[in-house]
Structures are given as structure tokens and as C-alpha cells.
There are 2 protein chains.
Amino acid sequence: MSQVERPGRHAPTLEEVAEHAGVSRSTASRAINGGLRVSPEAQSAVDRAIVALGYSPNRAARSLVTRRTDSIALVVPEPDERVLSDPYFARTLQGLSAALTDTEIQLVLIIARRDDGTQRTARYLRNQHVDGAVVVSHHRDDSLEEVLAGSRLPCVFVGRPWQSPETIQYVDVDNVLGGRRATEYLVQVGCRRVGTIAGPLDMAAGVDRLAGWREALAAAGLPDHAVARGDFTSSGGAAAMEQLLREHPDVDGVFAASDLMAAGALEVLRAHGRAVPEDVRLIGFDDLGVAASTAPPLTTMSNPVVEMSRVAAEVLLDQVAGRATSHAPRIFGAEVVVRASA
Amino acid sequence: MSQVERPGRHAPTLEEVAEHAGVSRSTASRAINGGLRVSPEAQSAVDRAIVALGYSPNRAARSLVTRRTDSIALVVPEPDERVLSDPYFARTLQGLSAALTDTEIQLVLIIARRDDGTQRTARYLRNQHVDGAVVVSHHRDDSLEEVLAGSRLPCVFVGRPWQSPETIQYVDVDNVLGGRRATEYLVQVGCRRVGTIAGPLDMAAGVDRLAGWREALAAAGLPDHAVARGDFTSSGGAAAMEQLLREHPDVDGVFAASDLMAAGALEVLRAHGRAVPEDVRLIGFDDLGVAASTAPPLTTMSNPVVEMSRVAAEVLLDQVAGRATSHAPRIFGAEVVVRASA
DNA sequence: CTGTTAGCGCATTCAG
DNA sequence: CTGAATGCGCTAACAG
């Protein structure tokens with residue numbers, strides 16, 4: 001009855017469970033790990049002992065012998081608040097968490113400072129501390145690819161790896177196509193002088209969405225000179241919009257590579273007396289909540305981050321388990337979500 | 001020179017480091033853990049071996065003997081996107097991460113589903129899997145307090161624990177005072193029919209901010225009937241504002257217990273043709289980014305979440321290390337941040 | 001199906 | 001200051 005642990009007592013051990021169940025350590029161990037080759041009686045005795053004692057296996061001891069840690073890392077290169085407060089990050093967490101919820105696998109968060117932290121992160125990842133890693137918000141120079149390629153650690157990138165997309169498995173949204181579709185939409189609704197607020201060009205999503213914008217304009221025979229670079233933040237988007245208005249005052253449509261940047265741009269447009277969508281049409285990217293809550297709501301591109309990172313986790317778990325997995329990247333589509341801004 | 005590990009090789013062990021350095025395991029171990037009672041020669045030989053081999057200690061093995069895991073948990077009760085996408089959460093992460101950056105301590109994220117997850121979380125926390133826990137977004141019925149009280153696990157709450165504020169250590173912003181100051185500000189700038197959009201009343205922050213609002217109105221001799229309850233989300237704030245306008249159409253000031261709710265309320269006010277701040281003055285709570293980017297920007301209460309959670313981590317590390325720590329809660333002040341909305 | 005045996009890699013007595 | 005011995009709690013052969 002009393003499965004209340006007396007305070008101060010140590011956590012119950014397998015030994016104690018076995019004793020309580022009247023079996024040997026090994027039988028108890030087997031009963032706990034799948035119950036293969038264990039008699040029903042032994043199994044239930046062990047099960048009862050576990051409940052009675054409030055037992056849960058010591059992960060350290062288990063790791064030591066299995067050489068697995070039952071934990072995976074989410075690696076986020078970038079120190080500052082930017083990434084963490086981006087809705088993208090929250091959704092990634094949500095997806096990973098969803099994939100892990102039915103497992104015993106823990107999620108370790110590694111926020112890698114750019115300067116000093118690289119070495120520590122590298123060692124940590126190289127030396128068996130986690131069974132695998134999901135990398136998000138990867139930048140060209142964060143050296144995560146080298147680190148992970150050098151190790152034998154299973155890993156999956158959320159977002160295309162910069163240098164080795166053929167050897168490192170990843171999930172991503174089709175950013176080029178997304179950028180193209182967004183821009184095509186602007187053209188289709190009548191824009192002829194279409195600018196873009198690009199994302200950071202040391203991130204794949206930044207360059208790809210920009211490339212998509214260029215593709216669409218080339219196909220439409222329109223000029224692609226009105227480019228300003230942002231950093232995926234709202235204030236970065238605002239600054240970029242200022243620049244765009246200064247250098248290309250006649251712009252009548254803008255594709256912002258993220259909703260956060262679009263939101264910043266929206267404010268600047270309003271401040272300059274440009275009505276959206278009447279004077280300037282604006283389309284964002286991501287549709288992770290902010291797009292719906294601006295005024296006017298932003299037309300944007302859907303980005304299935306939760307689903308994507310859920311898949312990333314599953315692919316990673318497959319790798320960890322040694323299950324054969326198609327090495328092809330998992331690419332998700334992005335659709336135009338029409339709202340008032342364009 | 002070549003500290004490049006041959007692929008496929010196992011991670012180097014202490015044994016190998018010792019051999020490479022020409023000392024015994026124990027000496028190598030001492031050299032690694034502080035270098036007490038180790039000759040300079042031995043120390044530097046070990047240091048060199050570590051670099052040469054790319055050694056880093058196996059945490060599982062170390063844990064097994066030290067009975068510490070060098071990891072702490074951030075426990076987030078609540079399944080859905082709400083919490084994760086709240087700027088509050090991002091800042092908490094930032095603060096914890098900052099406090100941990102100079103240590104070898106890892107952060108394990110535990111997103112506790114409300115339904116089934118409680119048991120698992122309880123076992124996990126009870127059985128030595130982490131050295132301590134920080135709890136954020138605690139609700140009255142999530143049973144985290146019982147679980148943690150029952151275990152001997154060091155823990156710190158970010159936000160006052162519901163039942164046992166005397167026995168569970170915590171950090172918090174002074175929510176009652178914050179709510180009062182916010183409301184006093186509204187009164188001071190001329191509001192006479194002041195409503196509030198309260199937070200969830202199963203969270204301490206929800207009830208406390210509401211209490212502060214009542215205090216201020218009582219002191220000013222104003223009625224405190226215009227209450228609508230939200231859930232700290234934007235849409236919840238919008239719904240609450242609708243209710244407020246319906247039940248108290250003459251309201252001329254609103255204290256929203258969070259900026260997200262204030263942002264939702266702002267849209268509803270605009271939709272109803274109420275100018276902010278001309279017709280209705282609006283003040284929020286948190287100032288974590290969203291307040292500055294609404295139109296008009298929100299007057300709000302500062303909330304030093306990053307600092308607070310940094311302190312939470314430090315307090316926790318003190319507990320873990322067995323360092324004596326004043327048991328008193330660490331309470332932070334909240335100041336009015338004046339912007340255009342009030 | 002079960003119990004016995006042997007480490008996993010490390011920190012830590014305890015002798016020297 | 002150093003090294004040899006011990007055991008943390010667990011899983012994985014192996015022999016019954």
C-alpha cells in the first residue's frame with residue numbers, strides 16, 4: 001500500500017525491486033526492459049514491486065552499460081534573445097516535445113554561445129553525452145556541421161545545412177518555392193515594383209527565400225533591385241523597410257522573408273503614410289501567430305514548423321535506433337495564406 | 001598534434017588519459033577534478049593528454065559515483081503552445097541559460113502534459129535524474145508542489161508556489177504591488193471607471209495582479225466590478241475585452257494582467273471604435289517586447305524575467321551545492337513604463 | 001525461463 | 001603527492 005517514500009531514503013534500486021519481488025536482479029531487469037523471456041508471475045511480481053517501491057531506473061547506471069543516454073539535444077547556436085523569442089523556436093520545441101512524449105527520451109537544451117561556447121558544445125556532442133542532436137537556427141559560420149560531421153553523433157537539422165546537405169540529414173520547408181509563390185502572389189494581384197526584405201544571408205532560409213523572390217520576378221519580367229536585408233527580427237524588418245522606402249520609394253509590393261520582419265515593416269509603412277495594402281502590398285512568411293494579429297493581418301506563407309520538427313525528431317530517433325532511413329531530406333510545402341495585407 | 005579522433009573510435013576514457021600521461025587513473029582523476037594534491041608535472045601531463053585525446057569525462061560514469069547528474073530541469077506544466085510561445089518563457093530560458101553558461105551543468109526541458117504526464121514527471125523528478133528543478137508557469141492543480149515536496153529534490157519556483165510559499169523557495173515579481181501601481185497610474189491620469197482583464201486565477205500571478213488592482217481602486221474609492229478573466233493569451237485578452245465592453249460599456253481605463261492580453265484587448269477596442277488612449281486608457285504587464293510593438297505602444301509594467309530566472313538558477317545551484325541560502329523569496333519590483341496607450 | 005558473473009567509466013577511500 | 005582497490009546501479013552474456 002504505502003508507496004510513500006520515507007524522506008531521506010535513497011532512490012530504490014533494481015536490487016531492492018528484485019528482492020521485493022522475490023526474483024534475481026537479471027529477471028527484474030528483463031521484466032523492466034520489455035519483459036522478454038520472463039514468466040507472467042515474475043513479470044507481475046516485478047511490476048508490483050516497482051509500484052510499491054516507486055522505482056525508476058537509474059539512468060546513469062543504465063547509460064554506462066548500454067552506452068546510450070536516452071536523451072537528445074536541441075542545439076541552438078546564438079546567444080541572445082533573438083532566436084528564443086522567435087515563435088519559430090517555440091514551435092520547434094513543441095514539435096520535438098510531441099515526438100518525444102511517448103518515449104523515455106529527455107530533451108537537453110544547448111544554447112551555444114558563438115564565441116567561447118563552440119568548443120564546449122563540440123566536446124559535449126562528440127563524447128556520447130546525448131544520443132543525437134537536432135540543430136535549429138543554423139548559421140554559415142557556427143561550425144556545427146564540421147563538429148557534427150566529425151563526430152559519429154546522429155543528427156538532424158531543421159533547415160538545410162549550409163555546406164553538406166547531401167551528407168547531413170535535414171527537414172525543411174521549400175523556401176525557394178515559398179519565396180517564389182509569395183512573390184508570384186504579389187505580382188498576380190497587381191504589384192509591379194516588388195521589393196523584398198531578405199533574411200540573414202548566412203542562413204539557408206535567408207538566401208533561399210531571396211532566391212525564390214528573384215525567380216518569380218525574373219519569370220514575370222520585373223526588376224529585382226529592391227532588396228534590403230533584415231535579420232528575422234521585427235526591428236530588423238523595420239530598418240530594412242526604411243531603407244527600401246529610401247532607395248525605392250515607388251515600391252508597391254514587399255515580400256518579407258519572415259512575419260516578424262513584415263510586422264516591423266508594417267509599422268514603418270504606416271509611419272510613412274503608406275496604406276497597406278492600398279499603397280503597398282505586404283506579404284510575410286511563417287504564419288506562426290504574429291501574422292494573424294497585426295493590423296491589418298498579414299498575408300503570409302504557411303510554415304509547418306511543428307510538423308517539421310516532429311518529423312525531425314522521428315528521423316533522429318530512427319538514426320539513433322539504427323533503423324534504416326531514407327537519407328533524402330524531408331521537404332515541406334508552403335502555401336499562401338491570404339489576409340488583408342496583400 | 002593530431003587530436004583528430006579516428007571515426008568509429010570510442011570516446012577516450014580516463015584510463016587512456018592516464019596512460020598517455022604516464023600516471024595512474026586516480027592521479028588523472030584528481031588532476032581533472034580541481035587538481036588538489038597533484039604535482040605540477042603530473043597536472044600538466046594530464047592536461048596535455050586531455051587535449052591530445054580530446055577527452056571529456058563520461059557523465060554517466062561520473063554520475064553513478066558522485067550521485068549527481070550535473071543537470072537541472074526546467075519544468076513547464078502545460079501541454080499546448082501557449083506557454084512556449086509566450087515571451088515570458090523565452091526570457092526564462094535566457095536567464096537560466098545565462099546562469100548556467102559558466103558551469104558544466106546542462107538544462108533538461110520537461111514539458112509536462114497535464115493528463116498522463118504528471119506521474120512520469122513525478123517519478124523522473126523524484127529519482128535522482130536531475131540535481132534540481134526550476135518550475136515555471138505553475139498552476140494550482142498541477143500537483144508539482146506535492147511532487148517536489150515529497151522528493152528531496154532541490155527546487156526553485158519562478159512565480160510564487162500556490163500552497164507552500166513558506167517551504168518552497170521561489171523568485172517572483174511583486175505582482176500585487178505591480179497591479180496596484182498600474183491601476184494607480186490609470187487613476188492618476190484621470191480614469192474613474194477602471195476595469196481589469198485578469199490572468200488565470202489558478203496562477204499566483206493572476207490572483208495577485210487582480211488583488212493589486214482591487215487595492216488601488218479601494219484606496220481611490222472607486223468601484224471594482226469591471227473584471228473579466230483572460231488566460232494570458234492575446235485571444236483570451238480579446239475575448240475578455242469584448243466581455244468588459246458588453247458589461248461595462250462606460251469603462252475608461254483597463255489594466256490587463258499581461259501585455260499579450262492587452263494586445264488582444266487593443267484590437268477589440270479599435271474594432272469597437274474606442275480610441276486608445278483617448279477613449280480608453282490601457283495598461284499591460286510584462287514589457288517583454290510585445291508592448292513596444294503594438295500601435296499605439298502599450299504603457300505597461302516592467303517585469304525583470306531574465307534577471308529573475310537567472311537568480312532562480314543561482315539559488316538552485318546553491319541548494320544543490322548545499323550552500324546555505326536565505327530561505328526568503330527573492331522579490332523583484334515592477335515599474336510603470338509609460339508609452340502611448342495610457 | 002532463470003540466476004550467476006562480469007564489467008561499463010569514474011571518484012574515492014586507504015596505504016604507501 | 002601517488003597508486004591499488006572498491007563499488008556506484010545496471011544490462012548483457014552465459015550457463016543452468
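Just so we're on the same page: letters track the sequence lines, and every chain starts at 1. Both backbone and side-chain heavy atoms feed into the values below; hydrogens, waters and symmetry mates do not.
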Item to complete: Please test A:Thr167 against A:Glu145 for side-chain contact (heavy atoms from CB on, under 4.5 Å), starting from the C-alpha separation and ending with a verdict.
Response: CA-CA 10 Å; A:Thr167 59; A:Glu145 294 185 54; over 6 Å; no
Item to complete: Count the heavy atoms of every other residue, nucleotide or ligand shown that sit under 6.0 Å from CD of B:Glu19, and state whether that count exceeds 12.
Response: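 Incorrect, the count does not exceed 12.
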Pick base, sugar-phosphate or nothing for [X], based on heavy-atom distances below 4.0 Å to the nucleic acid.
{"X": "A:Arg37", "value": "base"}
{"X": "A:Ala42", "value": "sugar-phosphate"}
{"X": "B:Leu14", "value": "sugar-phosphate"}

Discussion item. Looking at B:Arg62, I'd like to know whether one of its side-chain N or O atoms comes within less than 4.0 Å of OP1 or OP2 on C:dG9.
Written reply: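 No, outside the criterion.
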Discussion item. Is the phosphate of D:dC8 approached by B:Ser63 (side-chain N or O, under 4.0 Å from OP1 or OP2)?
Written reply: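 Looking at the OP1 and OP2 atoms of D:dC8, neither is under 4.0 Å from any side-chain N or O of B:Ser63.
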Between the side chains of [X] and [Y], is a donor N or O closer than 3.5 angstrom to an acceptor N or O?
{"X": "A:Asn58", "Y": "B:Arg67", "result": "no"}
{"X": "A:Ser24", "Y": "A:Thr27", "result": "yes"}
{"X": "A:Ser56", "Y": "B:His129", "result": "yes"}

Using atom [atom1] of [X] as one end and atom [atom2] of [N] as the other, report the distance to the nearest whole Å.
{"X": "B:Asn58", "N": "D:dC8", "atom1": "CG", "atom2": "P", "value": "18 Å"}
{"X": "B:Leu64", "N": "C:dA11", "atom1": "CG", "atom2": "C1'", "value": "10 Å"}
{"X": "A:Leu36", "N": "D:dT11", "atom1": "CG", "atom2": "P", "value": "14 Å"}
{"X": "A:Arg68", "N": "D:dG9", "atom1": "CZ", "atom2": "P", "value": "22 Å"}
{"X": "A:Glu16", "N": "D:dG9", "atom1": "CD", "atom2": "P", "value": "8 Å"}
{"X": "A:Leu53", "N": "D:dG9", "atom1": "CG", "atom2": "C1'", "value": "15 Å"}

Worksheet item: Using the C1' atoms of five pairs at each end, what's the angle between the two axes of the helix from C:dC1-D:dG16 to C:dG16-D:dC1, to 10 degrees?
Response: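 Computed from the C1' atoms at both ends, the axes differ by 30°.
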Discussion item. Closer than 4.0 angstrom, basic N to acidic O: yes or no for B:Arg140 and B:Asp202?
Written reply: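 A salt bridge is absent here (no side-chain N lies under 4.0 Å from a carboxylate O).
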Practice prompt. Could you tell me whether A:Glu104 and A:Arg59 make a salt bridge, using a distance below 4.0 angstrom between a side-chain N and a carboxylate O?
Written response: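 Looking at A:Glu104 and A:Arg59, the cut-off is not met.
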Practice prompt. Begin from the C-alpha positions of B:Tyr170 and B:Val158 and carry the test side-chain contact (heavy atoms from CB on, under 4.5 Å) through to its verdict.
Written response: CA-CA 6 Å; B:Tyr170 69 98; B:Val158 176; over 6 Å; no
Item to complete: Using a cut-off of strictly less than 4.0 Å between a heavy atom of the residue and any atom of DNA chain C, enumerate the qualifying residues of residues 23-34 of chain B by number.
Response: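 Heavy-atom cutoff 4.0 Å gives B:Arg25, B:Ser26, B:Ser29, B:Asn33.
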Worksheet item: Taking the nucleotide of DNA chain D with the closest heavy atom to each, which residue, B:Arg67 or B:Glu41, is nearer the 5' end?
Response: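 Nearer the 5' end of the strand: B:Glu41.
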Fill in: Under 3.5 Å donor-acceptor, B:Gln169 side chain and B:Val315 backbone
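Pair absent, no side-chain N/O of B:Gln169 close to backbone of B:Val315.
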